[in-house]
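Values below: all heavy atoms of this structure, side chains included; hydrogens, waters and symmetry mates excluded. By convention here, the first residue in the shown sequence is residue 1.
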Amino acid sequence: MPAHTLKRFDEELERLSATISEMGGLAESQLAQALVALRDRDTEVAERVIAEDARVDALDVAVQEQTVQLLALRQPMAVDLRVILSSIKIAAALERIADYAKNTAKRSIVLSQGVAPPSAVTGIERLGRLVRTALKDVLDAFAHGDVAKAYDVWQRDEEIDQVYTGLFRHLLTYMMEDPRTISPALEIVFVAKSIERVGDHAKNIAEAVVQVVRGVDVRHQSAEQIRAEVSDEP
């Protein structure tokens, strides 16, 4: 990020970046703990995840206030404007990620009271690992302005979708074979969808990183076009 004549402007941008980073770290932790609660059938951990969602919401409000102030008082241009507008998008994505973590925690409490299909639990763990890694990597990409890493996360969304689809089909078969499993299997379907949506938001953050660094909105571009945008080759 370039230095400015007004030191105060630099400090405000740094504060915005720090708020986003704090929000990202908390959302990442929320997701990790929600998956632990699901795996270990730990209702105490689940309750903590649910309670901590308010902290993410408060940081989201802080980002909105900081961006409004920057836009109103500093009239930013070029990369500064992209940073500020992308911060709004990223904060919105992180707030939704925390919501999905909270939803997963709530479902884990329900599942702790019944018997979940072991194979489905294994599928959820695999999906969770993929999404957690994608979220961690895209937050690193944002922190360092790493478009190559952001693009790598963007590409991995396809694998996340494939794992989710396979798990969904498996659960449908499971429910058809034994109607008694419908209730817990449906809970796992809802959990899987929440985790898959976290992957979608990680992809959105990756697109925002590319927009900040390269100044190009890649949301509606093909994989080939995005690869060309993030390439360092002339």
Contact check, side chains of Val163 and Glu196, non-hydrogen atoms, under 4.5 Å: no
4.5 Å side-chain heavy-atom contact, Glu159 and Leu130: yes
Steps toward side chain to side chain contact (heavy atoms under 4.5 Å, CB included) verdict (Leu94, Leu139): CA-CA 10 Å; Leu94 292 172; Leu139 291 173; 4.1 Å; yes
Crowding at CD, Glu158 (>12 non-hydrogen neighbours, <6.0 Å): no
Heavy atoms of other groups near Arg41 CZ, more than 12 under 6.0 Å: yes
Over 12 non-hydrogen atoms of neighbours within 6.0 angstrom of CZ in Arg227: yes
Any side-chain heavy-atom pair of Asp146 and Asp140 under 4.5 Å: no
Aromatic ring pairing Tyr174/His170, orientation class (parallel under 30°, perpendicular over 60°, tilted between): tilted
Asp53: salt bridge (charged side-chain N to carboxylate O under 4.0 Å, His left out) partners, not counting sequence neighbours: Lys102
Cluster overlap Leu38 with Leu186, hydrophobic side-chain contacts below 4.5 Å: yes
Stepwise side chain to side chain contact (heavy atoms under 4.5 Å, CB included) test for Val56 and Ile97: CA-CA 10 Å; Val56 180; Ile97 286 170; over 6 Å; no
Residue pair Gln225, Val218: steps toward the side chain to side chain contact (heavy atoms under 4.5 Å, CB included) verdict: CA-CA 8 Å; Gln225 290 173 314; Val218 296; over 6 Å; no
Heavy-atom side-chain contact between Arg156 and Asp137 under 4.5 Å: yes
Same apolar cluster (I L V M F W Y, side chains within < 4.5 Å links), Ile226/Val216: yes
Residues that Asp99 engages under salt bridge (charged side-chain N to carboxylate O under 4.0 Å, His left out), provided they are two or more places apart: Arg96
Residues Tyr100, His201; criterion side chain to side chain contact (heavy atoms under 4.5 Å, CB included); working and verdict: CA-CA 11 Å; Tyr100 286 123; His201 284 294; 3.8 Å; yes
Joint cluster assignment, Val189 & Ile109, ILVMFWY side-chain distance < 4.5 Å: no
All salt bridge (charged side-chain N to carboxylate O under 4.0 Å, His left out) counterparts of Asp60, not counting sequence neighbours: none
Distance in Å, Leu13 CG paired with Gln66 CD, rounded so as to fall on 0.5 Å steps: 10.0 Å
